[in-house]
Amino acid sequence: MTNQHSSHPEPLSPDTVVVAAGRPARSHDAPVNPPIVLSSTYVGTGTVEDGDRAYGRYSNPTWDPLEDALSQLEGATLPALVFSSGLAAVSAALSLIPVGGVVVMPRHSYQGALVMAQEQAAKGLFSLHTVDIANNDEVIAALTGAGGKAADMLWLESPTNPMLEVADLQVLCRAARAVGAIVVTDNTFSTPLVQKPLELGSDIVLHSVTKYLAGHSDVVLGALATSSPELRGELLHYRSIHGAIAGPFEAWLALRGMRTLALRIERSQASALVLAQRLELHDGVTKVLFPGLPSDPGHERAKAQMTGFGSILCVEVAGGAAAANTLVDALRVWTPATSLGGVESLIERRRRHANEPATVPENLLRLSVGIENVQDLWNDLEQALAQGAAGVSVPAE
Ligand SMILES: *Cc1c(COP(=O)(O)O)cnc(C)c1O
């Protein structure tokens, strides 16, 4: 079971891999699911350098099937590495930038990743250039340093959070490679079922497993996957020494949640498209951001590099931040909460967070479409939009 890629003669499709990967070896009376191993240390006379498990901060048998499944899904040749959170994985990935180096990041990167990079840059560890990741010329100019110092790392996120800009992954990975920069792609929004960054030229794929992979809003966990033994070695060392390791129960829950990933993605993507199309026609909405709409600037690029368009969409509400807040308060099926990728539909006004970039409009709502009945989701949005338009304040329950 431990980190062995399956030996099926035909490559399995990803929706089978999410179900089949990371199962215990078949033998009489073997369990169908991997056990949870609760142990801080392991019997042994060797050391971790000899390949022994040695101690609970270096490895845990409960991580292995999840790491194996993630690596198979992303098409990595080495087992993935799970971390205690997506941001712990971000921290490990940023540690690969040499002191005094240069990192290029999307202006609308995940907020926590951006804040971490800004704080490390402010301490003088490296210099940070934020760019419009959908603009190839701007990104390539930042990578080559335009006469100055070339970049050491390109951070990619596509579609971005929350503006849903689509980066040209193949072109940007090639440009990064040409200057010797390591490419890290945060694939949280898409999951490997929708986008495969390693195949498009990225060196490392990052996940907040918290979101779609675990899928039930009951776990905080992160992961990195790479096919480079050198990079993986550095990331594993970072995890072991900095200590942001996954709890065995969280790792088990994440794999348990991943079993239904293909079904959840299929439903939520289909619903997101329906809702985006209807919202685009609604008077209470001035703009819909969703790469699945032919009117979206990222549509053609997304079509070329993704198998779908994801299940996150954003709307700008007529009437500004106040109308957006009224809408959120009036919803009964949608849950007002941050985060995304769970079975339940979530909505939030992003600018309520102090750290959100000022380039994100005040009236922008981010919708994470779950797996509820799409007509119920629409009815709820429609009645809430009507309340916003009427300027009605919602009575307390
Ligand atoms: C949530 C998220 C993260 C951070 O992950 P945590 O598990 O919350 O630490 C990173 N990137 C993206 C795109 C996210 O949505």
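Owing to the predicted nature of the structure, the values given are computational and were not obtained by experimental measurement. Atoms within each ligand, like the ligands themselves, are counted from 1 in listed order. Heavy-atom basis, side chains included; hydrogens, waters and symmetry copies ignored.
- The protein heavy-atom contact nearest to atom 15 (O) of ligand 1 is Lys211 NZ, 2.7 Å.
- The single protein non-hydrogen atom nearest to atom 5 (O) of ligand 1 is Ser208 OG, 3.0 Å, given as residue, atom name and distance.
- The aromatic ring centres of His299 and Phe309 sit less than 6.0 Å apart.
- Pairing each heavy atom of Pro291 with each of Leu164, the nearest pair is CD-CB, 4.3 Å.
- Among Val90, Leu87, Val220, Thr210, the residue whose heavy atom sits closest to atom 7 (O) of ligand 1 is Thr210.
- Considering only non-hydrogen protein atoms, atom 6 (P) of ligand 1 sits nearest to Gly86 N, 3.3 Å.
- Looking at Trp334 and Leu377, their side chains come closer than 4.5 Å, going by heavy atoms from C-beta outward.
- At a heavy-atom distance under 4.0 Å, only backbone atoms of Leu221 (N, CA, C or O) approach ligand 1.
- For the 3.5 Å distance criterion, the side chains of Thr210 and Ser208 qualify, holding a donor opposite an acceptor.
- Residue contact check: Thr188 has heavy atoms under 4.0 Å from atoms 11 (N), 12 (C), 13 (C), 14 (C), 15 (O) of ligand 1.
- Residue Tyr110 holds the heavy atom nearest to atom 3 (C) of ligand 1 of all those in Tyr110, Tyr212, Phe189.
- Nearest protein neighbour of atom 13 (C) of ligand 1, counting heavy atoms only, is Asp186 OD2, 3.4 Å.
- Within the 4.5 Å cutoff, the side chain of Leu365 has no heavy atoms near those of the Glu348 side chain.
- Using modelled atom types and a 3.5 Å distance limit, the side chains of Ser158 and Glu165 yield no donor-acceptor pair.
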